[in-house]
Amino acid sequence: MEACNGHKSEDSHQIKEFKLERFFAKYELTSPYALCSSDCEPLSMSEALDLADEECKQMWDQLGLAYTDPQGALPLRQEICKLYKTVSTEDVIVAAPQELISMAFHAMLRPGDHVVSMFPGYQSLYEIARHIGCDVSFWEPEVQKDGGFVFEVQQLSKLVTSKTRAVVVNFPHNPTGALASKADWEQIVQLCKQSKAYLFSDEMYRLLERDSESRLPAAVDAYERGVSLSGMSKAFGMPGIRIGWLALKDAKLMRSLQQLHDYSTICSSAPSEVLALIGLRAAKTLVQRNLDIIEANVAHFRAFCERHSDVMAFAAPTAGSIAFARLLTGEPIEAFCVRLVEEAGVLLLPATVYDHQPSIENASFRVGLGRRNMPECLRVLEGFLKKDRQRS
Ligand SMILES: Cc1ncc(COP(=O)(O)O)c(C=O)c1O
């Protein structure tokens, strides 16, 4: 609301609360059975160090706790480049993934710019644009009969105009697990080219395609205004080191990012950069470990939903470490999730944290597929459902 002196009221300067992160802040670390985590099984410190090659072992042993290169340690950026086809070290900047979303949006966008972002989605991917004062249009999915979600490019083409400054996509998608086809991806890139919009592509769950043939090209390789976000949190199981990166070719945008970084964390933590280097050099092993966990958990959760087909339904995601399942009992989804975590310590994430009305009406909830303790969590959930049946 505008205050009568023409200045914005104090409240309108505040960014809206990040509902998912607030829900996690309340429950994540105190719930013994986290069943909605988006990261893959976090590595222990000793597991990580066991993966180190000789060079990384030496780096680790001789590491000084000094400031590091604000762009990201050079050996780390060299390793990151190997994930792309056309990227060199000066096209990469390293920081925490969430910090990079904020930096990128502040570097790309001005008040009044038009932005298209997927919805539902990870809130910072549209909320920061709204906070800057952009006009944000939502690209929403069609819900399939089996509960799966499809983002139709036809719908996107109605939203992107010559005034669009940025198209924000996230494939594999949080929370639905949707992945665009390669043909759709080409059309998305084409739409951005036609409107000269940035393509900001959150690729945090890339490499976790259940069929590697379906992996999409990175935005930075596909388009000169493509910006790829990735990091160690999901596919590599190292969320605690807080290392991510942006890869982009636009030198002016890179200069703005460097400037903004000087006002946030300046540079990353030296130990985290070495751990990221170790993780990236062991990428094949780590990603396969996580895909194996996901595949086993898809089977566990599918069997669970079959045993409780009056309570829950689930369409396995094409890619990524999460799925958007449904509660079928008619109970509002947030009430169910709160009851479940408070009575049984099992944490599921209700669609209400995504603010997306059709998913709330569908009683959708996020389930995490990347953690090893899923069978144990499902046993406790099963006990809770049994008690529920006895009560009714
Ligand atoms: C789609 C997406 N982008 C970005 C992030 C932020 O990653 P991080 O928590 O490592 O900063 C997340 C985290 O859940 C996410 O799901």
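Just so it is clear, the values below take in all heavy atoms, side chains as well, and ignore hydrogens, waters and symmetry mates. Just follow the structure's listing: the first ligand is 1, and inside any ligand the first atom is 1.
Taking a cut-off of under 4.0 Å to the non-hydrogen atoms of Ile101, the atoms of ligand 1 that pass are 4 (C). Counting atoms of ligand 1 from 1 in the listed order, those under 4.0 Å from a heavy atom of Met204 are 3 (N), 4 (C), 7 (O). For ligand 1, the atoms lying closer than 4.0 Å to a non-hydrogen atom of Tyr205 are 1 (C), 14 (O), 15 (C), 16 (O). Residue-ligand proximity, Ser38 to ligand 1, at heavy-atom distances under 4.0 Å covers atoms 14 (O).
By the criterion of a heavy-atom distance under 4.0 Å, the side chain of Lys234, and not its backbone, is placed next to ligand 1. When heavy-atom distances to ligand 1 are checked against a 4.0 Å cut-off, Gln98 comes that close through both its backbone and its side chain.
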- request: Quick one: do Lys182 and Leu216 satisfy side-chain contact (heavy atoms from CB on, under 4.5 Å)? Show the steps, please.
  value: CA-CA 6 Å; Lys182 285 186 181 163; Leu216 298 176; 4.0 Å; yes
- request: Give the C-alpha distance, both sets of side-chain angles, the deciding distance and a yes or no for side chain to side chain donor-acceptor pair (under 3.5 Å) between Asn174 and Arg366.
  value: CA-CA 9 Å; Asn174 175 0; Arg366 189 175 91 181; 3.3 Å; yes
task: Quick one: do Glu203 and Ser228 satisfy side chain to side chain donor-acceptor pair (under 3.5 Å)? Show the steps, please.
output: CA-CA 6 Å; Glu203 297 164 7; Ser228 290; 3.1 Å; yes
- request: Run the numbers on Ile360 and Tyr354 for side-chain contact (heavy atoms from CB on, under 4.5 Å), then give the verdict.
  value: CA-CA 9 Å; Ile360 297 170; Tyr354 288 96; over 6 Å; no
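Distances from atom 12 (C) of ligand 1 to the heavy atoms of Phe24, Phe171, Tyr122 put Tyr122 nearest. Residue nearest to atom 10 (O) of ligand 1, selected from Pro239, Gly240, Gly121, Ser233: Ser233 (by heavy-atom distance).
The 12-atom threshold is exceeded at NZ of Lys57, counting heavy atoms of other residues, nucleotides or ligands nearer than 6.0 Å. Annotation: Arg22, atom CZ; neighbour count of heavy atoms from other residues, nucleotides and ligands within 6.0 Å does not exceed 12.
The existence of a salt bridge linking Arg379 and Glu382 is excluded, since no basic side-chain nitrogen approaches an acidic carboxylate oxygen closer than 4.0 Å. A salt bridge links Asp39 with Arg371: the closest approach of a Lys/Arg side-chain nitrogen to an acidic carboxylate oxygen falls below 4.0 angstrom.
With respect to atom 3 (N) of ligand 1, the closest heavy atom belonging to the protein is Asp202 OD2, 2.5 Å. Counting only heavy atoms of the protein, atom 7 (O) of ligand 1 lies nearest to Pro97 CB, 3.5 Å.
Not a single N or O atom of Asn170, backbone or side chain, sits closer than 3.5 Å to an N or O atom of ligand 1.
Judged by the shortest distance from any of its heavy atoms, Arg242 lies inside the 4.0 Å radius around the atoms of ligand 1.
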